[in-house]
Amino acid sequence: MTGSSHGAAAAAAAPSSQRGARVLAIVGGGFSGVCLAIHLLRQPTSRDLRIVILEPRAELGAGVAYATRDYPYPLNVAAGQMSLDAAQPDDFLEFARSQGIHATAADYLPRQVFGEYLRARFAAQVQSAPAGRRATHRRARVLQLRRADRAWELWLDDGSAMRADQVVLAVGNAPPAPLADCAALGGPHYIDDPWSIGAGAHGEPDSVLLLGSGLTMIDAALRLAAIRPRARRIHVLSRHGLLPLPQAGAGLPSLRPDLGPVLAAGSSVRRMLGALRGLERAQTAAGGDWRELLGLLRPRLPGLWQRMDDRQRARFLRHARAWWDVHRHRAPVGPLAAVRALERHGVLELHAGRLVALRLVDGSVEATWHPRGAPRPRAWLVDRVVNCTGPDTRIGRHPDPLVRSLLANGLIRADALALGIDAAPDGRVIGADGVAVDSLWYLGPWLRARDWEATAVPELRAHAARLAQLLAADR
């Protein structure tokens, strides 16, 4: 039931009052949308429920993160933490083993395996769902959402429309922000999709500039090294020139430090980070792993973030975000070690600074950049420029026509710090008038504006489970 289903779409288009079943539309078939559908199919409901996942791709769970590719990009989270349900922590691992993959909970499996896991669990849940509960995947892109009496009308790119009683926006991350002068480069010189490296149009460049030094850059650098092991040069440029730190290693004892000093810091970013640094030093001196601190703090982060006002949040983003990201969004030990080996062999160079301009010069790209703290800019000549800066969180620049329509019609609004959108505690979106919109929810990474920690599987699956309980209650 994971293909296009015109019969299901026709049924969903009819008013729910004529059928006695409630229709729920989930816009987006990535992790958030699929996870929500699975949890909903497990929930008892007082009325029949029909779920329609609107996703233009042929396969669910096959977005940017977990698509099938010609290179085994690894997950950045160990298999033991990637299950759809926190109550079944070994579920993903058991699926992998059922596919002939000999893995442990500490292994970092290929991302496409996780996409296969999502599809398999969705199909199994659809088959085992009780009577009166049904979920289908309709291959269509939603272009516009409008009120229709007490329901919603969704206009689709196939020229049709459907009605739903409730809508959940499960729109994922936006593409990276376009770079200055990138449009003028054209052709194969600029790559805005780092995971398309290796495609025929991009060839085998001798020299490449990777913009951004986070997890996406690690994927891109290792793919380049696999294509051309003796590449002449890979330049990596980011504002601070920081690589992600490694995931936790084995063998260090669990010391379970007291988070009291961090929690007692109130809404002051300076005091909070100072307390965290003190605990980190004490943890390391005692022979423990500083990463345990972040693991213990992780469930407390939404509460800490919500205690801050916009001024404190802006201070954190301005002064501490780059350092927080490399500590919090860590890389598996193997891929990070491989990047460090490229550095040692002179293949990859990491630079701190900002990009000034890009222009074509005799078939190459001249990249002008200003080193951090230096008085004058410098320039490189490279064959390719790859945008590894990560998703653009400024919703006002999102290219999706649905997102643009929702903003124009006041059904959603960007948050004050350009991290995502404003959402109520129950997940309903907040409109331009500052009021939560009835029967319209959001689930996905844009919740970082409300909770800060809202981009990884452990957080998103918890959000999905809570929202499923709320929606199943049909209040």
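As the structure is a computational prediction, the values presented were derived from the model and not from experiment. In what follows, residues are counted from 1 in the order of the sequence shown.
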How about Arg298: does its CZ atom have over 12 heavy atoms from other parts shown lying under 6.0 Å from it?
yes

Answer yes or no: is there a donor N or O on one side and an acceptor on the other, between the side chain of Asp157 and the main chain of Arg141, under 3.5 Å?
yes

With a cut-off of 6.0 Å (strictly less than), are more than 12 heavy atoms of other residues, nucleotides or ligands near CZ of Arg321?
yes

Is atom CZ of Arg307 surrounded by more than 12 heavy atoms (other residues, nucleotides or ligands) closer than 6.0 Å?
yes

Between Gly431 and Val437, the two heavy atoms sitting closest are N-CG2, 3.9 Å

How far does CZ of Arg270 sit from CZ of Phe316, to the nearest 0.5 angstrom?
15.5 Å

Take Arg138 and Leu156 through the test side chain to side chain contact (heavy atoms under 4.5 Å, CB included) and record every step on the way to the result.
CA-CA 10 Å; Arg138 181 173 182 183; Leu156 312 179; 3.5 Å; yes

Would the distance check show the side chain of Arg413 and the main-chain N or O of Ile430 forming a donor-acceptor pair, the cut-off being under 3.5 Å?
no

Got Gln112 and Tyr73 here, is their nearest side-chain heavy-atom distance under 4.5 Å?
no

What's the spacing between Leu145 CG and Trp155 CH2 if we round to 0.5 Å?
12.0 Å

Has Asn409 got a side-chain atom pairing as donor or acceptor with Ser405's backbone, closer than 3.5 angstrom?
yes

Between Trp441 and Val429, is there a side-chain heavy-atom distance shorter than 4.5 Å?
no

Would you confirm whether Glu453, through its side chain, and Glu459, through its main-chain N or O, come within 3.5 Å as a donor-acceptor pair?
no

So, Asp415 and Arg394, do they make that salt bridge, N to O below 4.0 Å?
no

Is the number of heavy atoms from other residues, nucleotides or ligands within 6.0 Å of CZ (Arg239) greater than 12?
no

Heavy-atom pair with the smallest gap, counting every atom of Gly29 and Val34:
O-CG2, 3.5 Å

Check whether any side-chain N or O of Arg291 sits under 3.5 Å from a backbone N or O of Pro246 as a donor-acceptor pair, and report yes or no.
yes

Within a strict 4.5 Å, meaning less than it, do heavy atoms of the Val365 and Leu360 side chains meet?
yes

Is Ile51 close to Leu49 at the side-chain level, that is, under 4.5 Å between some pair of heavy atoms?
yes

Which heavy atom in Arg384 sits nearest to a heavy atom in Pro188, and how many Å separate them?
CD-O, 2.8 Å

Measure the shortest side-chain to side-chain distance between Cys35 and Arg461 over non-hydrogen atoms and say whether it is less than 4.5 angstrom.
yes

Is it the case that Arg42 and Gln125 place a side-chain donor and acceptor less than 3.5 Å from each other?
yes

State whether the number of non-hydrogen atoms from other residues, nucleotides or ligands found under 6.0 Å of Arg311 atom CZ is greater than 12.
no

Can you check whether Trp446 and His398 have ring centres sitting under 6.0 Å from each other?
yes

Ala124 backbone acceptor or donor facing Ser128 side chain under 3.5 Å:
yes

Rounded to the nearest 0.5 Å, what separation is found between the CG atom of Leu447 and the CG atom of Leu419?
11.5 Å

Ion pair check, Arg150 and Asp165, cut-off under 4.0 Å:
no

Worked verdict on Val113 versus Ile101 for side chain to side chain contact (heavy atoms under 4.5 Å, CB included):
CA-CA 10 Å; Val113 175; Ile101 300 172; 3.9 Å; yes

Of all the heavy-atom pairs spanning Ala148 and Glu153, show the shortest one and how long it is.
CB-CB, 4.0 Å

Checking Tyr442 side chain against Asp422 main chain: does a donor-acceptor pair fall under 3.5 Å?
no

Ion pair Arg97/Asp90, N-O distance below 4.0 Å:
no

Kindly compute the distance separating CZ (Arg330) from CG (Asn76), expressed to the nearest 0.5 Å.
11.0 Å

Donor-acceptor pair between Gln166 and Arg22 side chains, under 3.5 angstrom
yes

May I ask you to decide whether Arg57 forms a salt bridge with Glu55, counting only side-chain N to carboxylate O separations under 4.0 Å?
yes

With salt bridge (Lys or Arg N to Asp or Glu O under 4.0 Å) as the criterion, how do Asp158 and Arg139 come out once you've worked through the C-alpha distance, each side chain's angles and the decisive distance to 0.1 Å?
CA-CA 9 Å; Asp158 60 8; Arg139 285 194 67 185; over 6 Å; no

Has Ser213 got a side-chain atom pairing as donor or acceptor with Ser238's backbone, closer than 3.5 angstrom?
no

Kindly indicate whether the side chain of Met308, heavy atoms from C-beta on, has any atom under 4.5 Å from the side chain of Val269.
yes

Measuring only between side-chain heavy atoms, which start at C-beta, is Leu242 closer than 4.5 Å to Trp323?
yes

Geometric cation-pi criterion, Arg147 with Trp152: 6.0 Å, 45°:
yes

Report the C-alpha separation of Ile191 and Val385 in whole Å, then their side-chain angles, then the decisive distance to 0.1 Å, and conclude whether the side chain to side chain contact (heavy atoms under 4.5 Å, CB included) test is met.
CA-CA 6 Å; Ile191 302 173; Val385 176; over 6 Å; no

Which value, rounded to the nearest 0.5 Å, describes the distance between Leu279 atom CG and Asp258 atom CG?
7.5 Å

Regarding Asn387 and Thr389, do their side chains bring together a donor and an acceptor under 3.5 Å, going by distance alone?
yes

So which heavy atom on Ala464 is nearest to which on Leu36, and how close?
O-CD1, 3.6 Å

Is it the case that the side chains of Arg146 and Gln144 hold a donor-acceptor pair, with the cut-off being a distance below 3.5 Å and no angle test?
yes

Could you check whether Asp438 pairs with Arg428 (Lys NZ or Arg NE/NH1/NH2 to Asp/Glu carboxylate O, under 4.0 Å)?
yes

Taking Ser268 for the side chain and Ala265 for the main chain, is one N or O donor matched with an acceptor at less than 3.5 Å?
no

Give a yes or no on whether the backbone of Gln88 and the side-chain of Ser83 come within a donor-acceptor separation of less than 3.5 Å.
yes

dist Leu211:CG -> Arg354:CZ (nearest 0.5 Å) comes out at 13.5 Å

Verify side chain to side chain contact (heavy atoms under 4.5 Å, CB included) between Leu169 and Leu406, making sure each step is shown before the conclusion.
CA-CA 11 Å; Leu169 303 171; Leu406 292 169; 3.7 Å; yes

Check Gly427 against Arg450 and note the closest heavy-atom contact, atom names and distance.
N-NH1, 3.7 Å

Verdict with supporting geometry, Trp195 and Tyr71, ring-ring contact (aromatic ring centres under 6.0 Å, His included)
CA-CA 9 Å; Trp195 292 277; Tyr71 182 79; over 10 Å; no

Over 12 foreign heavy atoms within 6.0 Å of CH2, Trp324:
yes

Could you give me the CA-CA distance, side-chain angles and deciding distance for Thr104 and Asp107, then say whether side chain to side chain donor-acceptor pair (under 3.5 Å) is met?
CA-CA 5 Å; Thr104 70; Asp107 288 333; 3.3 Å; yes

Which class fits the ring pair Phe92 and Phe95: parallel under 30°, tilted 30 to 60°, perpendicular over 60°?
parallel

How about Leu210 and Cys388: do any of their side-chain heavy atoms sit closer than 4.5 Å?
yes

